[in-house]
A.B. asks: 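Structure in structure tokens, see below.
Just so you know, these numbers use all the heavy atoms, side chains as well, and skip hydrogens, waters and symmetry mates. Everything quoted here is computed from the prediction, not taken from an experiment. To find a chain, count down the sequence lines: A is the first, B the second, and so on, and within it residues start at 1.
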Amino acid sequence: MLRPRVRTVRVRMLRTLRDQLENSIGDVLAEMDCSVEGSLVELQDAAEEERGLLATPVAHRLAGQLGRSPQAIAEEIVDRQRLPDEIDDVEIVNGFVNYHVDEPAVFRGIVEAVVETGDRFGAREDGRRIVADVSAPNVAKPLHVGHLRNGVLSTALANVFEHRGHEVITDDHIGDWGLQFGNLMYAFEEMGGSEKKLESEPIEHLLDLYQAFNRRESELEAAGKDEEVDALRDAGREWLVRLQDGEERAVELFERFHEVSLARFDETYNLLELSFDHRYGESFYVREGWCDRVIERALESGVAREGPNGEIVVELPSDDPEKDVDEFVLLTADGTTVYGTRDLATIEFREAEFDPDENLYVVANEQDEYFQQLFEVARRMGYDADFYHVSYGLVNLPDGTMSTRAGRIVTARETYDATFERALEIVDETRPELDSAEREAIAHDVALGTMKFEMLKVSRRKDITFDVEEATSFEGDTGPYLQYATVRAKKIVEKAGEEDVPPVPEEPTINDLDFQLAALLGRFPLVLAECEEEYDATPLATYALDLAGLFNTFYAHNPVLDAEANRDTRLALTAATHRVLTLSLDLLGINTLDRM
RNA sequence: GGGCGUGUGGCCUAGUGGACAGGGCAAGAGGUUCCUAACCUCUGGACCGCGGGUUCGAAUCCCGUCACGCCCGCCA
């Protein structure tokens with residue numbers, strides 16, 4: 001691998017050029033006595049190549065305020081402005097000011113900045129401490145494609161935020177408590193649970209029982225047998241109470257379900273190469289007294305009150321005009337906790353354990369309203385960290401929504417298997433000379449890259465329809481497209497056989513494509529900032545596609561190793577591109593390959 | 001009924017006030033004596049759900065309306 005040659009020359013990235021221009025415009029506006037907000041002097045990338053690299057519409061925005069034409073204002077600004085060295089030429093078109101940059105100088109600045117900073121390109125330091133609630137599968141249920149989206153999004157966000165200087169602590173908030181376990185225990189005991197099946201195919205068996213319970217409930221409901229519905233529900237509830245009271249059989253069942261489920265989660269996480277810092281399940285908060293503590297705190301602070309049947313609730317304003325208040329329940333009349341209790345207990349615990357500046361919840365958008373309520377209760381109780389719900393859309397299948405209750409479910413594992421199988425076919429076809437172990441290793445990385453990129457390329461609020469057929473075409477906007485471009489760049493640099501990335505000459509000879517590629521590299525830090533702002537990885541995912549696409553175009557038209565005069569220039573550009581592509585994929589949580 | 005979210009070419013999608021709305025898939029036409037064609041080039045295809053409004057300027061902001069999804073449990 002090439003190492004960067006250390007240079008003493010101060011490099012200037014596109015970012016600082018933008019800053020300089022913005023400051024320069026700000027200075028002029030101050031002289032002209034305009035009241036400006038920061039946003040008035042923001043520069044945008046020019047819409048067209050011929051109009052320069054950077055442009056500002058500031059004259060348009062001031063036209064109303066100053067009562068003069070945009071054209072006249074633009075002319076005055078340009079007249080009085082002190083321009084950075086890298087600006088070659090300025091023109092005014094329809095009141096827009098277009099700055100043409102000295103392309104060779106900017107090219108050199110960006111490429112050298114990337115080569116010198118390497119893995120730290122776009123990095124920052126000294127951010128906040130963030131605790132993120134992630135993944136959160138339920139015991140006794142499989143990891144499905146929704147968890148895949150969660151895990152992939154969470155990982156990418158954590159990576160980006162860490163790169164930007166924040167400390168991120170991810171906590172896999174396992175669903176291992178609650179009424180569903182009461183129901184499940186009842187089903188196991190009374191509806192055909194089998195220790196043998198629990199041994200051989202645990203999740204499948206538990207899922208069967210869970211679905212059987214829900215099926216019976218629905219059937220009784222449909223038949224109008226209200227008293228039997230109530231009896232069934234009471235039976236499930238009773239098991240939860242037994243568990244909470246520590247009754248032997250209930251605890252024994254709980255431990256068994258827990259054990260087999262976590263073993264399966266680990267297996268799948270390992271396969272998908274996902275990992276999180278902590279895994280405190282909901283049961284932890286009940287059993288370690290955090291629920292009791294938080295209920296007490298809510299009562300003492302007067303945020304919660306006790307109701308007529310011994311339940312403890314917080315009253316929140318209701319959106320529904322029919323109702324005055326919504327009750328946020330902390331303790332049921334049975335004396336059991338609900339999910340809201342456990343989420344508050346989690347907040348209490350995380351404050352004591354991690355003292356975060358911000359709490360993130362990567363949870364699907366079904367729970368949007370709930371999190372608004374949870375955060376409101378938390379604020380009333382005086383937790384001073386910020387709270388943010390990173391809400392994301394559901395993952396559907398081409399034939400409709402998944403539903404655990406109805407039994408339509410596609411597991412993460414099945415999705416991987418199908419994707420891997422298709423990837424292996426292609427590798428077998430294209431790289432027959434490799435041994436089968438290596439072909440499988442490549443197929444694995446490609447399969448993971450495919451699945452993960454499918455989850456990241458769509459902005460998080462939108463639902464995804466996951467179509468295995470389409471995802472595994474491996475062409476166009478896919479993970480393998482990114483991986484392939486990265487391998488190409490890497491191979492060129494390796495084939496050059498030089499120890500260091502060659503320096504870019506003072507006055508590099510570059511064409512349009514060379515420059516555009518460098519300019520795109522310079523945008524990388526801005527893209528990361530956008531991800532931070534949006535709490536989304538999609539800006540980075542689409543950036544990586546743009547970069548890979550532009551590199552492929554560059555690669556097809558601009559010879560690197562065979563270039564005559566500017567071989568070193570292009571080699572440095574290729575090395576810089578490889579670094580930014582690799583860094584992008586690393587942050588997205590997608591593996592890069594040595595060959596494919 | 002109320003709340004939240006989404007609506008962009010045949011299909012999927014980027015884009016939260018700026019200069020002719022980017023990509024991808026699918027369709028059609030080309031491209032490998034040269035760094036791996038999981039690639040590249042070109043062509044056709046969009047009144048950005050609909051109607052108003054704000055603005056010099058709206059896919060983007062506001063109001064209304066329609067469609068779809070989700071939520072409105074002492075379930076999670």
Side-chain angles (χ1 to χ4, degrees), chain A residues 39 44 46-48 51 55-57 60-61 63-64 69-70 93-96 98 136 138 175 177-180 182-183 233 236-237 282 307 309-313 318-323 326-327 329-343 363-370 372 391 393-394 396 401 404 423 426-427 429-431 446 457-459 461-465 467 470 473-485 487-489 491-496 534 538-539 541-543 545-546 549 552-557 559-563 570 574 595-596:
Chain A
S39 64
Q44 51 193 289
E48 285 180 56
R51 287 183 180 157
T56 177
H60 281 282
R61 298 189 187 178
S69 77
V93 181
N94 300 327
F96 289 89
N98 299 316
N138 288 317
W177 201 265
L179 187 54
Q180 55 182 327
N183 295 345
R233 288 178 181 166
R237 186 168 296 281
E282 288 188 289
N309 301 314
E311 71 275 21
I312 295 173
V313 298
S318 178
D319 289 327
D320 191 339
E322 306 275 308
K323 291 194 291 185
D326 283 334
E327 291 190 338
V329 176
L330 295 186
L331 199 66
T332 71
D334 297 332
T336 60
T337 61
V338 292
Y339 53 93
T341 324
R342 298 189 288 274
D343 276 330
V363 180
N365 62 15
E366 308 162 294
Q367 296 186 34
D368 283 358
E369 246 174 325
Y370 164 69
Q372 284 181 21
S391 169
L394 301 176
N396 297 316
T401 315
T404 315
I426 291 180
V427 180
E429 207 172 289
T430 54
R431 303 304 303 263
V446 167
K457 75 178 182 187
V458 178
S459 52
R461 284 180 213 283
K462 290 183 124 168
D463 291 352
I464 292 176
T465 300
D467 186 338
E470 207 172 297
S473 73
F474 302 134
E475 282 166 12
D477 290 352
T478 63
Y481 180 85
L482 301 178
Q483 291 170 316
Y484 183 76
V487 171
R488 293 277 56 72
K491 285 295 183 183
I492 291 173
V493 174
E494 278 176 4
K495 191 162 180 183
E534 303 288 327
T538 302
T542 52
Y543 171 82
L545 276 180
D546 288 345
N552 278 334
T553 301
F554 161 86
Y555 169 80
H557 296 96
V560 178
L561 300 179
D562 295 338
R570 292 221 172 116
T574 304
R595 53 179 157 179
M596 64 187 281

A.B. asks: Heavy atoms only, 4.0 Å cut-off, all strands: where does A:Gln372 land among base, sugar-phosphate and nothing?
C.D. replies: nothing
A.B. asks: Return the nucleotide paired to B:C4: Watson-Crick means purine N1 to pyrimidine N3 with N6-O4 or O6-N4, wobble means G-U with N1-O2 and O6-N3, both under 3.5 Å.
C.D. replies: B:G69
A.B. asks: On RNA chain B, does the nearest nucleotide to A:Arg461 precede the nearest nucleotide to A:Arg237 from the 5' side, or the other way round? Give the residue.
C.D. replies: A:Arg461
A.B. asks: Please state whether the phosphate of B:U41, meaning OP1 or OP2, lies under 4.0 angstrom from any side-chain nitrogen or oxygen of A:Thr553.
C.D. replies: yes
A.B. asks: What distance separates A:Arg595 CZ from A:Gln483 CD, expressed to the nearest 0.5 Å?
C.D. replies: 15.5 Å
A.B. asks: Answer with base, sugar-phosphate or nothing: what part of the nucleic acid does A:Pro539 contact at a heavy-atom distance below 4.0 Å?
C.D. replies: nothing
A.B. asks: Under the 3.5 Å rule, do the base of B:A38 and the side chain of A:Gln483 count as making a donor-acceptor pair?
C.D. replies: no
A.B. asks: Please indicate yes or no: is the ring centre of A:Phe96 less than 5.5 Å from the centre of the six-membered base ring of B:G18, with the two planes inclined by under 30 degrees?
C.D. replies: no
A.B. asks: Ignoring hydrogens, what is the shortest heavy-atom contact between A:Arg237 and A:Asn183? Give both atom names and the distance.
C.D. replies: N-OD1, 4.5 Å
A.B. asks: Taking any heavy-atom pair under 4.0 Å as a contact, classify A:Glu369: base, sugar-phosphate, or nothing.
C.D. replies: base
A.B. asks: Report which part of the nucleic acid A:Glu534 touches: base, sugar-phosphate, or nothing (heavy-atom distance under 4.0 Å, all strands).
C.D. replies: base
A.B. asks: At under 4.0 Å, does any side-chain N or O of A:Tyr481 touch on OP1 or OP2 of B:C40?
C.D. replies: yes
A.B. asks: Assign A:Leu179 to base, sugar-phosphate, or nothing according to its heavy-atom contacts below 4.0 angstrom with the strands shown.
C.D. replies: sugar-phosphate
A.B. asks: If we ignore angles and hydrogens, is there a donor and acceptor under 3.5 Å between the side chains of A:Tyr370 and A:Asp343?
C.D. replies: yes
A.B. asks: If I take atom CZ in residue A:Arg595 and atom P in nucleotide B:C35, what distance separates them, rounded to the nearest angstrom?
C.D. replies: 17 Å
A.B. asks: Just to be sure I understand the rule, does A:Val313 reach a base, reach only the sugar-phosphate, or reach nothing, if contact means heavy atoms closer than 4.0 Å?
C.D. replies: nothing
A.B. asks: For A:Thr465 and A:Asn396, indicate whether the former's side chain and the latter's backbone hold a donor-acceptor pair under 3.5 Å.
C.D. replies: no
A.B. asks: Ignoring hydrogens and angles, are the base of B:A38 and the side chain of A:Asn552 linked by a donor-acceptor pair under 3.5 Å?
C.D. replies: no
A.B. asks: For the residue pair A:Val93 and A:Asn98, what are the closest heavy atoms and their distance?
C.D. replies: CG2-ND2, 3.6 Å
A.B. asks: Classify the side chain of A:Tyr339 and the base of B:A76 as holding, or not holding, a donor-acceptor pair under 3.5 Å.
C.D. replies: yes
A.B. asks: Figure out the CG/P separation between A:Asp368 and B:G3, and round it to whole Å.
C.D. replies: 15 Å
A.B. asks: What is the distance from CD of A:Glu475 to P of B:A37, rounded to the nearest Å?
C.D. replies: 14 Å
A.B. asks: Measure CD/A:Glu494 against P/B:U36 and give the value in whole Å, please.
C.D. replies: 11 Å
A.B. asks: Calculate the interatomic distance between A:Leu545 atom CG and B:G22 atom P; express it in whole Å.
C.D. replies: 17 Å
A.B. asks: What are the two closest heavy atoms between A:Gly393 and A:Asp463, and how far apart are they?
C.D. replies: CA-OD1, 3.3 Å
A.B. asks: Roughly, in whole Å, what's the span from NZ in A:Lys462 to C1' in B:G5?
C.D. replies: 12 Å
A.B. asks: If I take atom CZ in residue A:Phe554 and atom P in nucleotide B:C40, what distance separates them, rounded to the nearest angstrom?
C.D. replies: 14 Å
A.B. asks: When we call it a touch if two heavy atoms are under 4.0 Å apart, what does A:Val560 touch: a base, just sugar-phosphate, or nothing?
C.D. replies: base
A.B. asks: Pick base, sugar-phosphate or nothing for A:Arg570, based on heavy-atom distances below 4.0 Å to the nucleic acid.
C.D. replies: nothing
A.B. asks: Return the nearest nucleotide to the side chain of A:Val458; candidates are B:A14, B:C72, B:U36.
C.D. replies: B:A14
A.B. asks: Base, sugar-phosphate, or nothing for A:Ala333, non-hydrogen atoms under 4.0 angstrom?
C.D. replies: base
A.B. asks: Under 4.0 Å between any heavy atoms, over every strand shown, what does A:Gly178 touch: base, sugar-phosphate, or nothing? Just pick one.
C.D. replies: sugar-phosphate
A.B. asks: Checking all strands, does A:Ser459 fall into the base, sugar-phosphate, or nothing category for heavy-atom contacts under 4.0 angstrom?
C.D. replies: sugar-phosphate
A.B. asks: Roughly how far apart, to the nearest Å, are B:C74 and B:C12 at atom P?
C.D. replies: 38 Å
A.B. asks: For a quick test of reading the model: is some side-chain N or O of A:Tyr555 closer than 4.0 Å to OP1 or OP2 of B:A37?
C.D. replies: yes
A.B. asks: Among the candidates B:C75, B:U41, B:G23, find the nucleotide nearest to the side-chain atoms of A:Asp477.
C.D. replies: B:G23
A.B. asks: Could you check if a side-chain atom of A:Thr56 sits within less than 4.5 angstrom of a side-chain atom of A:Phe96, using non-hydrogen atoms only?
C.D. replies: no
A.B. asks: Nearest to the A:Ala556 side chain among B:C40, B:C75, B:A19, which nucleotide is it?
C.D. replies: B:C40
A.B. asks: Between B:C74 atom P and A:Asp326 atom CG, what is the distance in whole Å?
C.D. replies: 10 Å
A.B. asks: Go nucleotide by nucleotide along RNA chain B from the 5' end; which of A:Asp562 and A:Val338 gets its closest nucleotide reached first?
C.D. replies: A:Asp562
